[in-house]
Amino acid sequence: MNIILLGPPGAGKGTQAQRLVERHGMRQLSTGDMLRAAVKAGTPVGLRAKAVMERGELVSDAIVSALIGEELDAMPPGQGAIFDGYPRTAAQAEALDVLLEGRGRHLDRVIELEVDEDALVDRITGRFTCATCGKGYHDKFEQPKLPGTCDRCGGHEFKRRPDDNAETVRTRLAEYRAKTAPILPIYEARGIVWRVDGMAPLDAVTAEIERIVGDEAAAERG
Ligand code: AP5
């Protein structure tokens, strides 16, 4: 099963993708994570992407689609993919169709997380991740069970993203409205869009997504 999680910055795409990975063994394909890894490693892609990301603008379609293609090639054919933060433009949506078709895959669901934009700055500026395993947390909504210790790997170091400040978030939201929200009709026309209330508590959002993808993903796993 291949699904897109769509929604503005801070809607909960990454959080819910991680939960799908844990429950169904699917692969999270986050172009944001891939680009951050490239920036950290100082690769040519990372060097080109760094300043763009810090401004909250979109990296070029060709770069992110190439990253997705490489990740798909590295996956076992039977493993489901969760596209998190991709596609973000009409050109990326077209590229994804080509990438999937070329690998004998197809898109099953697009899940749109609907959120109130006013809440997003709070969500984004409060979040942090484990520096070792990448598990996400939030100052208000999801603290580690044992303060200062990662629930998943026991790590003690945490980090925050450089683009998680109020000013950059405003640019990221504007980019979403102008370039990403307009791709929804492409998928609506195919009848594969499901909408989820992303303002509900975290576990309620997970339960709703589970209702949408759970049975099918579990059946595929056998
Ligand atoms: P990317 O990393 O994709 O960032 P984003 O889309 O801005 O999304 P976020 O990661 O900020 O939000 P999220 O929806 O995953 O929210 P989360 O689950 O963490 O992209 C970063 C940059 O890379 C872009 O600006 C661009 O420059 C570049 N880029 C990436 N992909 C690209 C592409 N395809 N094309 C071009 N450029 C690209 O949740 C946020 C917080 O809220 C968490 O702390 C969480 O605990 C909390 N939370 C979540 N849900 C709930 C809830 N229901 N209730 C309470 N708290 C909640």
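Both counts, for ligands and for their atoms, begin at 1 and track the order of listing.
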So, does [X] sit close enough to ligand 1 that a heavy atom of it is under 4.0 Å from the ligand?
| X | result |
| --- | --- |
| Tyr176 | no |
| Gly198 | yes |
| Gly136 | no |

Close N or O approach ([X], ligand 1; < 3.5 Å):
| X | answer |
| --- | --- |
| Thr31 | yes |
| Asp84 | no |
| Ala200 | yes |
| Pro9 | no |
| Gly14 | yes |
| Gly85 | yes |

Tell me, which protein residue and heavy-atom name are nearest [atom], and how many Å apart are they?
| atom | value |
| --- | --- |
| atom 8 (O) of ligand 1 | Lys13 NZ, 3.2 Å |
| atom 12 (O) of ligand 1 | Gly10 N, 2.8 Å |
| atom 45 (C) of ligand 1 | Thr15 OG1, 3.5 Å |
| atom 16 (O) of ligand 1 | Gly12 N, 3.3 Å |
| atom 10 (O) of ligand 1 | Arg161 NH1, 3.0 Å |
| atom 3 (O) of ligand 1 | Arg88 NH1, 3.1 Å |

Atoms in ligand 1 flagged as close to [X], the criterion being non-hydrogen separation under 4.0 Å:
| X | answer |
| --- | --- |
| Val205 | 53 (N) |
| Gln92 | 33 (C), 34 (N), 35 (N), 36 (C) |
| Ala11 | 14 (O), 16 (O) |
| Phe141 | 55 (C), 56 (N) |

Query raised in the report: With no hydrogens and no angle check, do the side chains of Asp203 and Thr206 hold a donor and an acceptor under 3.5 Å apart?
Result: no
Query raised in the report: Side chains of Ser30 and Tyr86: donor-acceptor distance under 3.5 Å anywhere?
Result: no
Determine, considering heavy atoms only, which of [options] sits nearest to [atom].
| atom | options | value |
| --- | --- | --- |
| atom 37 (N) of ligand 1 | Val59, Thr180, Thr171 | Val59 |
| atom 19 (O) of ligand 1 | Arg55, Arg127, Arg123 | Arg127 |
| atom 25 (O) of ligand 1 | Arg36, Arg172, Gln16, Met34 | Arg172 |

**Report entry** Counterpart residues, side chain to side chain donor-acceptor pair (under 3.5 Å), relative to Glu114 (two or more places apart)
**Finding:** none
Query raised in the report: Does the pair Asp61 and Thr89 meet the rule for a side-chain hydrogen bond (donor to acceptor under 3.5 Å, both in side chains), with working shown?
Result: CA-CA 8 Å; Asp61 293 330; Thr89 64; 2.9 Å; yes
**Report entry** Pairing residues for Phe158 by the side-chain contact (heavy atoms from CB on, under 4.5 Å) criterion, not counting sequence neighbours
**Finding:** Phe128, Cys130, Tyr137, Pro144, Cys150
Query raised in the report: Do any N or O atoms from the side chain of His156 and from the backbone of Gly148 form a donor-acceptor pair under 3.5 angstrom?
Result: yes
Query raised in the report: Rounded to the nearest 0.5 Å, how far does CD1 of Ile68 lie from CG of Asp73?
Result: 11.5 Å
